[in-house]
Amino acid sequence: MSGTSLRLNLEVKTDIERYPGIEERLIDVIGNQHLPVEQVVFSSFNHMTLNRLQKLAPEFERAVLLAQPLYDLVAYCEKVGRRQCIRMSGR
């Protein structure tokens with residue numbers, strides 16, 4: 001991916017079933033693949049997972065996924081420390 005404008009969005013699916021240690025494993029795998037930090041985005045409907053990823057590797061971008069609209073989306077994203085929020089319809 002290096003040298004391209006491609007971005008890798010890794011949706012961490014821990015909103016229904018929790019996988020202990022998944023955040024650490026993801027960071028290790030990404031590190032072992034030598035993927036450029038600026039081309040990787042972690043996204044999840046589980047905002048606690050995104051919080052753990054932020055603590056482990058703050059250099060990576062994270063995006064909040066939402067199933068329902070929020071009254072003040074921008075304020076919520078700022079509160080949870082995310083620069084992006086993505087609303088998925090039909091879920």
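For the numbers below, each heavy atom of this structure counts, side chains included, while hydrogens, waters and symmetry mates do not.
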Working note: F45 + E11, criterion side chain to side chain contact (heavy atoms under 4.5 Å, CB included); need CA distance, chi angles, decisive distance, verdict. CA-CA 8 Å; F45 285 94; E11 183 182 342; 3.6 Å; yes
Quick one, L66 with H47, criterion side chain to side chain contact (heavy atoms under 4.5 Å, CB included). Give me CA distance, side-chain angles, the key distance, then yes/no. CA-CA 9 Å; L66 302 168; H47 305 167; 3.6 Å; yes
L8 vs V41, side chain to side chain contact (heavy atoms under 4.5 Å, CB included): CA-CA, chis, key distance, verdict: CA-CA 6 Å; L8 178 63; V41 177; over 6 Å; no
Salt bridge (Lys or Arg N to Asp or Glu O under 4.0 Å) between E61 and R7, worked out: CA-CA 11 Å; E61 190 171 343; R7 297 192 75 195; 2.7 Å; yes
Applying side chain to side chain contact (heavy atoms under 4.5 Å, CB included), can you list everything that pairs with D72, at least two apart in sequence or on another chain? V74, A75
Starting at CG of L56, measure out to CZ of F42 and round the result to the nearest 0.5 Å. 9.5 Å
L50 and S44: which non-hydrogen atoms are nearest, and at how many Å? CD1-O, 3.8 Å
Would you mind writing out the side-chain donor-acceptor pairs for residues 19-31 within the sub-3.5 Å range, not counting sequence neighbours?
from, atom 1, to, atom 2, distance (Å)
E23, OE1, R18, NH2, 3.3
E23, OE2, R18, NH1, 3.1
E23, OE2, T49, OG1, 3.4
E23, OE2, R52, NE, 3.0

Can you tell me how far apart CD (E38) and CZ (F60) are? Round to the nearest 0.5 Å. 9.5 Å
